[in-house]
Each structure stands twice: as C-alpha cells, then as structure tokens.
Engineer: 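Here's a structure for you.
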There are 2 protein chains.
Amino acid sequence: MPNSGQIPLSTLERLPAYLRAIDALVSHGVEHAPSALIAQRSGVSSSQFRKDLSLVGASSGVRGSGYDLEALRDQLREVLGSADRVGFVIVGAGHLGHALAASMSFRRGGLDLLGIFDIDEAKVGSEIAGIEVRHDSQLATFIANHGVSIVVIATSPSSAQDVADVAVKAGAQELLNFASVVLHVPPCVEVRSIDLGVELQMLALHARAGLGALSSQSSQASGM
Amino acid sequence: MPNSGQIPLSTLERLPAYLRAIDALVSHGVEHAPSALIAQRSGVSSSQFRKDLSLVGASSGVRGSGYDLEALRDQLREVLGSADRVGFVIVGAGHLGHALAASMSFRRGGLDLLGIFDIDEAKVGSEIAGIEVRHDSQLATFIANHGVSIVVIATSPSSAQDVADVAVKAGAQELLNFASVVLHVPPCVEVRSIDLGVELQMLALHARAGLGALSSQSSQASGM
DNA sequence: TAGATTGTTAATCGATTAACAATC
DNA sequence: TAGATTGTTAATCGATTAACAATC
C-alpha cells in the first residue's frame, strides 16, 4: 500500500540515495545485500535505513540474509512514483535553468519536463534538453492547457514574484523557487525555496567553526 | 559572544532569510520592527524567530517596541561571518558551475570565490563572474598554495570522486557535492551533497499526495 | 500607568538511534 | 541447529510551538 501521505518528508528525502546505492550494486551484478551495506553506500546508519523502509511499507527483506535488490528497487521506485507522472515547467533559461533542465533529462521520479520559458526574445525558439524555449507571455496559457502543476522558478529575484503570480493564477499547485526572495502565495499553494548561495554559506560556517563543532547530524548531508 | 559552535544547524540555516527580510525593510527606510513582522517576511513564526535570535545570542530587541534593524543586521552578519572570509573554488564550468559562481558574485556571508576549474581545455582561459577558468590539472597546486578549504564539485558524476580525491589530498576540508553520487572521503572531511533532481522529485511527491497530506513542516521550506 | 513585545521556559512534537525479539 | 539479519519497539535526542513573566 503506497500510503505516501503518511511518510515523513525526512524519510522521503533519503529514498533517492537508497535507489542510487541499489542501482550501483545491481549494475555490479549483486542480487542480495544486507541493510548495513546499502546503508553504508547511502551514507546513513543501518538502523535508519531499515526504519525508513518500514515507514515506507517496503518489505523485501529476509531475516538472516538481507534484501532482494531488484524487488526493493521496484518498491522504492513505486513510492517515488515512476508510475504516474507529473508535468512541470521551468521559467528562466539562464545557466540555472539549463542546469535544472539537464538534471531532469533522464526523467527521474515521475517528473516530466514539459516546457521552458524565458523573457528574453533572443532565447525563444532555441532548444534545451530537447525542449523548445517559449516566451514568458505564453506561460499562463501553457500551464492551463497542459495541466501543469509544478512551476520551477529560475529567474532573477526581481521577476520571481511576477512569475509566481501568473503561475498561481493559471492553476499551478506547487512552486520551486530558486530566486533569492521569499514568495507570497495563497496558502493552498506549496512553495519550496532553494538558495544556492545559502548552501555555500552554511558550508563556510562549518569550516570556520572547525569540524564537528557545529551540531551537524551527519557528515554526508543530502537533499537541498 | 559569537559562540557559533553551539548554534543548531537548523537555526543557522534560517539566518540568511532573516538577513534578507531585514535588508528589504531597511532599504524601505524602516528602522524598527517587531519580531512578528520580520518573521512573517522570512516565512517563519515569530516564536521561532525570537527563539533563533536567542540561540544565536543576538540581543537588539527592546520589549514593547521591537528590534533595531541595523543593530540586528550587524549581529546576524557577524554570526554568519562577514568578518573572516573563507576561500573556495568551483570545479566544473558548465551551466551549474556558472550558476553557482553567479550566486556567489555578490560575496555573501564571508565566502570568497578564488578559482574556477574545468577539464575542458576549450573553457580554460575564459572568464566567469570575473574569474579566469583554470585547468583541472592545476587544482591540487592551487588548493595548496591558496589555502583553499572548500571545494564545490559541479562536475559530471563520473569525475566527481576523482576531483574529491585530489581536493582532499591537497588539503581541502569541506566538499560541497552537486554531482549525483555518494562521495567517499576520510572522516575528517565534511561532505554535503545536493542533487537538483532530487529536490524536484520531492516536490512532485507533494503534488501527487495532495496538498498538506505529507507531513511537511512548513509551506515555505528553505535551504537546500 | 497601560499596551506592546521581548526573551525564556515548559510542553509538544517529530526524527534518530539503540536494542532485541522474531525468524529465515 | 547456529548465525545472521530483519522489522519494530522503546529510549534518546533535538527542534518547534505556545505561553507568559519580565519590562520597555
């Protein structure tokens, strides 16, 4: 039962790392592995790995001999939704937009990149990751027509709120905001903000404070 | 007393958002504001804002009338270390490397971008964010000579581990890994891994599960 | 003084870890 | 059977929220 409505976000965020570790093992011909091995390759404790699987409802482990990797992979993929796909668009075809589009080119986790938009006429018509760049003025219509629920904002901070307003009005459910501003949207719209600069800043703090001095949970933090 | 060794990471990660909100208010000529206003603009509760300030040791609040924004800004900046600067380099001059370099161009939070490296001879010699691109073969020497402690890895997944090995051997203390692989480094080296694709995946899960169904803490998640 | 707002404490909540009984 | 390893429970830990006494 893929009751994903109950799975903690912290657990969900580790699943992709588990999948990567399993994929790597499978591609080396390994068919079975204990939790300790998969966990180590994923950068977590075996306790946490098993706990996460338990929360996710996956159960392809056999006491005494570990996990059937193929079966486990299929279960995790199902949770992460390889099945039903969700369409999204990227607004902003600068370097960040490019990088994001590339990161989605091998269609991971049920996401379909449907369109890329930019305000610069010079970029309109070019192709990124096999997708034609359209002008911002077509954004609202495109969202409405294609039932796009996710809009990734990779614009300058100054246009981010405008784009958000258009997207929300056209029916977007979720915004992923890479511009360094706090977006204001109706409560029914989910916003996740990511600031590349902030992440670097955090790392600098670690370096300054000396290793281990900060109350950091793990040395291999994952997710954004 | 900037005892940053005791401040929880979760608190530190919110400070940049506070700074941005304060900057915005100051630039509009506001000199004083209550916690509720700054918090709202930062996307957190006023409780959390005050608690964070308390943990940070900042104290420019006056009961009954709020905070002196300039003083508060200075205190937060000090915690985030505008004072002593830390040098870092970016390896990989693709779109992601470009985007990262741009996000650091206005020298936030005590970080100095000292160099950009790429394995492609064609890119060597060009300039990004005012910095000349060097060849990967010079990385080890550069790290050693300039006392670089932070290395940002924005290469392809296949070369990430190689770059990590070189960086660690040359004396890097911290790696910020944007390639989708788990890096293996000595325990004394801090690694933070960020996967742009994973973040999009998480958002897709939110959309699929229906708003609010996931046990997400806040609708304006921040940091990476 | 009366109103407003802080700084901090205590209560709640959630996430991680450790331990172990179940069992292949 | 004996050894290994899971799945889950209970204990720990940390982070968030709510409430309020202190006080400007």
Side-chain angles (χ1 to χ4, degrees), chain A residues 1 5-15 17-18 22 30-40 42-69 71-72 75-76 202 212 214-223, chain B residues 1 5-15 17-18 22 30-40 42-69 71-72 75-76 212-223:
Chain A
M1 56 193 78
Q6 308 291 12
I7 303 172
L9 190 55
S10 52
T11 290
L12 285 174
E13 284 174 341
R14 284 187 290 268
L15 299 191
Y18 298 161
I22 293 167
V30 183
E31 290 177 356
H32 265 266
S35 59
L37 179 63
I38 308 172
Q40 186 236 317
S42 310
V44 304
S45 70
S46 69
S47 241
Q48 181 149 124
F49 175 75
R50 292 198 307 276
K51 177 73 175 185
D52 282 338
L53 289 196
S54 157
L55 289 168
V56 152
S59 55
S60 49
V62 178
R63 285 166 209 252
S65 70
Y67 295 82
D68 175 351
L69 295 182
L72 182 54
Q75 288 173 318
L76 294 184
M202 288 303 108
L214 282 175
S215 57
S216 166
Q217 277 75 2
S218 73
S219 80
Q220 180 105 22
S222 185
Chain B
M1 53 194 78
Q6 307 292 12
I7 303 173
L9 190 55
S10 52
T11 290
L12 285 173
E13 284 174 341
R14 284 186 291 268
L15 299 190
Y18 298 161
I22 294 168
V30 183
E31 290 177 355
H32 265 266
S35 60
L37 179 64
I38 308 172
Q40 187 236 317
S42 310
V44 303
S45 69
S46 69
S47 241
Q48 181 147 136
F49 175 75
R50 293 199 305 277
K51 177 73 176 185
D52 281 338
L53 289 196
S54 157
L55 287 168
V56 152
S59 57
S60 48
V62 180
R63 284 165 210 252
S65 69
Y67 294 83
D68 175 351
L69 294 182
L72 181 54
Q75 288 174 317
L76 294 184
L214 282 175
S215 57
S216 166
Q217 275 75 3
S218 71
S219 81
Q220 180 103 24
S222 186

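Because the structure is a prediction, the values reported are computed rather than measured. Convention: sequence-line order gives letters A, B, ...; per-chain numbering from 1.
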Engineer: Can you tell me the distance, in whole Å, between the CG atom of B/Leu55 and the P atom of C/dG7?
Structural biologist: 12 Å
Engineer: State, yes or no, whether a side-chain contact exists between B/Tyr67 and B/Ser35 at a heavy-atom distance under 4.5 Å.
Structural biologist: yes
Engineer: B/Pro8 has a side chain; which of D/dA15, D/dT8, D/dT17 sits nearest to it?
Structural biologist: D/dA15
Engineer: Is any side-chain nitrogen or oxygen of B/Ser54 closer than 4.0 Å to OP1 or OP2 of C/dT8?
Structural biologist: yes
Engineer: Of the listed nucleotides (C/dT16, C/dT6, C/dA21), which one gets closest to any side-chain atom of B/Arg63?
Structural biologist: C/dT6
Engineer: Can you tell me how far C1' of D/dT5 sits from CZ of A/Phe49, to the nearest Å?
Structural biologist: 12 Å
Engineer: Answer yes or no: is there a side-chain heavy-atom contact under 4.5 Å between A/Leu76 and A/Leu53?
Structural biologist: yes
Engineer: To the nearest Å, give me how far apart CD (B/Glu13) and C1' (D/dG14) are.
Structural biologist: 14 Å
Engineer: Scan B/Ser35 against the nucleic acid and name what it touches under 4.0 Å (heavy atoms): base, sugar-phosphate only, or nothing.
Structural biologist: sugar-phosphate
Engineer: Measure CZ/A/Arg14 against C1'/C/dT17 and give the value in whole Å, please.
Structural biologist: 12 Å
Engineer: Can B/Val62 and B/Asp68 be said to form a side-chain contact (heavy atoms from CB on, under 4.5 Å), step by step?
Structural biologist: CA-CA 8 Å; B/Val62 180; B/Asp68 175 351; over 6 Å; no
Engineer: For D/dA4, what is the paired nucleotide under Watson-Crick or G-U wobble rules, both distances under 3.5 Å?
Structural biologist: C/dT23
Engineer: Is B/Arg50 near enough to C/dT9 that one of its side-chain N or O atoms lies under 4.0 angstrom from OP1 or OP2?
Structural biologist: no
Engineer: If you check the B/Tyr67 side chain, which of D/dG7, C/dT6, C/dT9 turns out closest?
Structural biologist: C/dT6
Engineer: Any N or O donor-acceptor pair linking the side chain of B/Ser47 to the base of D/dA18 at under 3.5 Å?
Structural biologist: yes
Engineer: What distance separates A/Arg14 CZ from A/Leu55 CG, expressed to the nearest 0.5 Å?
Structural biologist: 9.0 Å
Engineer: Specify the separation, in whole Å, of atom CG of B/Leu53 and atom P of D/dT17.
Structural biologist: 15 Å
Engineer: Taking CG from A/Leu9 and P from C/dT16, how many angstroms apart are they, rounded to a whole number?
Structural biologist: 11 Å
Engineer: Find the partner of C/dC13: check Watson-Crick (N1-N3 plus N6-O4 or O6-N4) and G-U wobble (N1-O2, O6-N3) distances, both under 3.5 Å, and reply none if neither fits.
Structural biologist: D/dG14
Engineer: Judged by atom type as modelled, is there a donor-acceptor pair below 3.5 Å linking the side chain of A/Ser42 to the main-chain atoms of A/Ile38?
Structural biologist: yes
Engineer: Output the single nucleotide from D/dT9, C/dT6, D/dT16 whose closest atom is nearest the side chain of A/Lys51.
Structural biologist: D/dT9
Engineer: Measure from NE2 on A/His32 to P on C/dC24 and round the result to the nearest Å.
Structural biologist: 14 Å
Engineer: Which comes earlier along DNA chain C counting from the 5' end, the contact point of A/Gln48 or that of A/Ser65, where each point is its nearest nucleotide?
Structural biologist: A/Gln48
